[in-house]
Amino acid sequence: MSVRTRFAPSPTGYLHVGGARTALFSWLYARKMGGQFILRIEDTDRERSTEESVNAILESMEWLGLDYDEGPFYQTHQFARYKEVIQQLLDSGDAYFCDCSRERLGELREAQMANKEKPRYDGCCRDKKLAAADNTVVRFKNPLEGDVVIDDMVKGQVKINNRELDDLIIERSDGTPTYNLTVVVDDWDMKITHVIRGDDHLNNTPRQINILKALDAELPVYAHVPMILGDDGKRLSKRHGAVSVMQYKEDGFLPEALMNYLVRLSWSHGDQEIFSREEMIKLFDAVDINTSASAFNSEKLLWLNQHYIKNKNPDVLAQQMQNYIKNAGYTLDNGPDLTAVLTVFQERCNTLVELTEDIRFLYQDFDEYNAKQAKKQFKEATLPILESLKQQYSGLDNWVAEAIHQVVENTVNTLEVGFGKVGQPLRLAVTGHGKSPSIDVTLELLGKEKTLQRLEQAVEYIKKVSD
RNA sequence: GUUCAUGUAGACAAAUAGGUAAAAUCACCGCCCUUUCAAGGCGGAACCUGCGGGUUCAAUUCCCGUCAUGAACGCCA
């Protein structure tokens, strides 16, 4: 039988990196096994579910390239089916109506807690054979004895005694089904063979297995993957900065870098750190997922992002840069060819946003210099150097790197100064900061006209500051 | 509180079926390269495997206890 996995987020917010990693593992397993990956939106919490969140999840998955073969399915469209299954359980005697008030339940819980017991429903209505009424809920009749055994692909064998479980509610008094019932029904109906999800669900699994057994349904294989924590070891939350997948896109990360980073959390393949999409699929196996939670480390993500930007085809990169440049508020008009620029700039940045700022000076004039750099490089003594450069460059017709370099070389020799004394002020004069590829190719890209103009601007600036 | 899960350097993580001075990678430090910023090369520091017992000739790997963290115990998912 073909493998079928699913990702089942509830649309109560954006897709965060933890959810994305769970989706990734689930997707990888399906792809590796040549099976199907299904997307199911668990939107039965009507209070908190929003369409906006659904869209955010869909958009995030598309950006990451986590394509699904079926879905998205919505649980809110399946209410009739849940009703049907609940009725089936009622008919078979595996479920019953309960009219215990919330007050009674509350008191029961408090008494149990005070008694240092695990709070559980006491089965008050279990054998009352109550009929449906306005205020009744339906409870699942959990077995009283015996162990539930989970053969988890990542956690190994986990055994839980039925005495730890109680008769959970599967239908609320308003007639809607609860989570543990809906997952079971959907996974069953969708013929999910491998339930790959966060290990925060491990405790729910025995209940779900019991329902599945009552339904005489075949059990799926479970794989409970560890959580991702924030870099402080605490649970991931908004205060950890960019935890939303789309935020990483905005911040200039490449989807392949994020995917590569996420796949290495709780999973490894020997020494290998870099995995293409194809390699992940080929090498991934759920049994190689380790059992412990991991912390999200932004610095390593940055390193991977740099790696992927550095090795990206400049033409493709140029395409991707369009939006970032637009957002940065400048245009490519009257500037050098972007692909040519990226070819020499792409290896010296961590993110696309950073890259966008690095190349800005080629397309947009500026009137301020990096203060620290200006203080260091723009001294009175540099005036003659810049003026000499300006003069030589204005007479240079063959505007190519080699010739440009020759001018710097001449200046170094005739003025008898070090290379740094010429190159650095020159770089600052044309870029406004001090970060660029070698100065000759930088100037070639900038063009003669702008170079002269910026040299003039720098000379004026130094004169003004020196006064 | 009860139950379940987890605990190897700052982070990620490896260590054939227990095997004998605990890999790799990111970060950090130093050196080389260098026209800035990077990249790259070389080297270094850092864990005695949460802690305490036990089994064994030998334990990160098995067992018990303990501590810490997380999860479940909801008419949330």
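Naming: A, B, ... by sequence-line order, numbering from 1 per chain.
- Within 4.0 Å of A/Asn290, counting heavy atoms only, lie sugar-phosphate atoms of the nucleic acid but no base atom.
- Here the side chain of A/Leu202 is nearest to one of B/G1, B/A5, B/A71, namely B/A5.
- For A/Asn203, taking side-chain heavy atoms from C-beta onward, the closest of the listed nucleotides B/U35, B/A5, B/A72 is B/A72.
- Straight-line distance between the P atoms of B/A45 and B/G50: roughly 23 Å, to the nearest whole Å.
- Note on A/Gln306: only backbone sugar-phosphate atoms sit closer than 4.0 angstrom, heavy atoms only; bases stay farther off.
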*Dump the intermediate steps for ring-ring contact (aromatic ring centres under 6.0 Å, His included) on A/Tyr369 and A/Phe378, then the final yes or no.*
CA-CA 10 Å; A/Tyr369 299 92; A/Phe378 285 172; 5.0 Å; yes
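- At the phosphate of B/G40, OP1 or OP2 sits under 4.0 Å from a side-chain N or O atom of A/Lys310.
- The same atom, P, is picked in B/A11 and in B/G44; the two are 23 Å apart, to the nearest Å.
- Defined by atom type and a distance below 3.5 Å, a donor-acceptor pair is missing between the side-chain atoms of A/Asp152 and A/Gln157.
- For a distance-only test at 3.5 Å, the side chain of A/His405 qualifies as a donor-acceptor partner of the base of B/U35.
- The nearest whole Å value for the distance from the CD atom in A/Gln157 to the C1' atom in B/A5 is 15 Å.
- The gap from the P atom of B/G43 to that of B/U25 amounts to 11 Å, rounded to the nearest Å.
- For the P atoms, the distance from B/A58 to B/A21 is 15 Å, rounded to whole Å.
- Comparing atom distances between the A/Glu273 side chain and each of B/A72, B/U25, B/U36 picks out B/U25 as nearest.
- Under the 30°/60° scheme for interplanar angles, the aromatic rings of A/His269 and A/Phe275 are found to stand perpendicular.
- Residue A/Asn204 places no side-chain atom within donor-acceptor reach of the base of B/A72, judged by atom type and a 3.5 Å distance cut-off alone.
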*Go through the steps for A/Phe25 and A/Trp267 under the test ring-ring contact (aromatic ring centres under 6.0 Å, His included), then give the verdict.*
CA-CA 9 Å; A/Phe25 281 179; A/Trp267 178 82; 7.4 Å; no
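- For B/C73, the OP1/OP2 oxygens have no side-chain nitrogen or oxygen of A/Arg109 closer than 4.0 Å.
- Using P as the reference atom, B/A39 and B/C29 are 13 Å apart when rounded to the nearest Å.
- A/Ser173 comes within contact range of at least one nucleobase, with a heavy-atom separation under 4.0 Å.
- No engagement by A/His224 is indicated, since no non-hydrogen atom pair under 4.0 Å with the nucleic acid exists.
- Applying the 5.5 angstrom centroid cut-off and the 30 degree plane-angle cut-off, the aromatic ring of A/Phe419 is stacked upon the base of B/U35.
- Within 4.0 Å (heavy atoms only), A/Thr431 reaches no atom of the nucleic acid at all.
- At a threshold of 4.0 angstrom between heavy atoms, the contacts of A/Ser268 are confined to the sugar-phosphate backbone, with no base atom among them.
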